[in-house]
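Please read the structure below before turning to the comments.
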Amino acid sequence: MPELPEVETVRQGLRQLVLNKKIRKVTVLYPKIINGDTNIFIETLEGLTIKEIGRRGKYLIFNFDDGISLVSHLRMEGKYFVRQTGDEIEKHTHIIFEFTDGKQLRYNDVRKFGRMELVKTDNINDLKSLKKLGPEPTKTDFSIEDFTNKLKKKNKMIKPALLDQSLVVGLGNIYVDEVLWMSKINPQTIAKHLEKNEIIILHDAIIAELSKAVKAGGTTIRSYTNAFENSGTFQFDLNAYGRTGEPCRRCGNSIEKIVVAQRGTHYCPNCQKVK
DNA sequence: ATGGTGGCCTGGACGC
DNA sequence: TGCGTCCAGGCCACCA
């Protein structure tokens, strides 16, 4: 399911496939994907050219000429892929962007959870969804001091705190289990109870793990593929997620699965003890 | 302001 | 076989 590494991989693929293409026609088959008026969405995009494709957290951002941006979130199973005009419309295709060169960018989403929205590029940071995002998980953006200060005020469990995207962006259910395993932190630990050295280890693990997963082209568990419809390979590097009953690669204890904040949560009860 | 919960959706796995 | 139930989980609206 697309977390930051998967979205980043999609972004890189899309840049190769659709950059500088001009939209001739937009077809909306399932309007609920679009936030705002469908007709305005269509009319605004027709005639525009994709000048750049960026990313903020798990949001893809298409920048067009005329100062228009499309902010797109894949949520659980959203996908973009390219087809030729006239090709059969596959099941679960919801939005079609047809280009002047006869190719089409199609948005496909089995569960219809994804959302997209048009915004003026200059006002993109006024979007409620983007406004509340924390720093990108990089050495330059993500400071230990800021992270520590925010954690010290969080009276909830570390796992839902990290999923919230306000402390740092990019973690979803898979990578959050991974970074907590890496850091030997129990997912149910109350955030403000974390010790200084644990915070430093967690901070560094978040940066390292997400960047490693980007290099691997993301994690393919259920359905994720990039814009070229290829799978990622990071699933082979997972130490906690999906390894229920298998031995912990650090201590040999059995990885267990519990529910934390309504999410399936994988951890090693021996390495990741509650303090 | 903060933390917790249900809803959005579909398909696949599972039990009987 | 076919039906019902549960599970997958990112985000947001809504509640206390």
(request) Just call it for A:Gln262: base, sugar-phosphate, or nothing, with non-hydrogen atoms closer than 4.0 Å on any strand. (result)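 Here A:Gln262 touches the bases of the nucleic acid.
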(request) With heavy atoms under 4.0 Å as the rule, sort A:Asn155 into base, sugar-phosphate or nothing. (result)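 Sugar-phosphate: the residue A:Asn155, judged by heavy atoms under 4.0 Å, touches backbone atoms but no base.
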(message) Centroid separation under 6.0 Å, is that true for the rings of A:Tyr80 and A:Phe62?
(response)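 Between A:Tyr80 and A:Phe62, which both carry aromatic rings, the centre distance is below 6.0 Å.
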For atom [atom1] of [X] and atom [atom2] of [N], their distance in whole Å:
X        : N      : atom1 : atom2 : answer
A:Arg75  : C:dC12 : CZ    : C1'   : 7 Å
A:Asp109 : C:dA8  : CG    : P     : 19 Å
A:Phe113 : C:dA13 : CZ    : C1'   : 14 Å
A:Gln188 : B:dG4  : CD    : P     : 12 Å
A:Glu77  : B:dG11 : CD    : P     : 10 Å
A:Leu151 : B:dG3  : CG    : P     : 11 Å
A:Glu6   : C:dG10 : CD    : C1'   : 13 Å

(request) Kindly point out which of B:dG11, C:dG10, B:dC8 is positioned nearest to the side chain of A:Lys32? (result)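 Nearest nucleotide to the side chain: B:dC8.
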(message) I want to check a possible cation-pi pair here: A:Arg249 against A:Trp181, using under 6.0 Å from ring centre and within 45° of the ring axis as the test.
(response)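 Not flagged: A:Arg249 not positioned over aromatic ring of A:Trp181.
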(message) If you assign A:Arg263 and A:Lys257 each to the DNA chain C nucleotide with the nearest heavy atom, which residue ends up on the more 5' nucleotide?
(response)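 Nearer the 5' end of the strand: A:Lys257.
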(request) With DNA chain B as reference, determine whether A:Val110 or A:Pro160 sits nearer its 5' end, using the nearest nucleotide of each. (result)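 Result: A:Pro160.
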(request) Walk me through it: do A:Phe97 and A:Val18 pass the test side-chain contact (heavy atoms from CB on, under 4.5 Å)? (result) CA-CA 10 Å; A:Phe97 305 89; A:Val18 300; over 6 Å; no
(message) With rounding to the nearest 0.5 angstrom, report the CD1 to CG distance, A:Ile50 to A:Leu105.
(response)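 Separation between the atoms: 6.0 Å.
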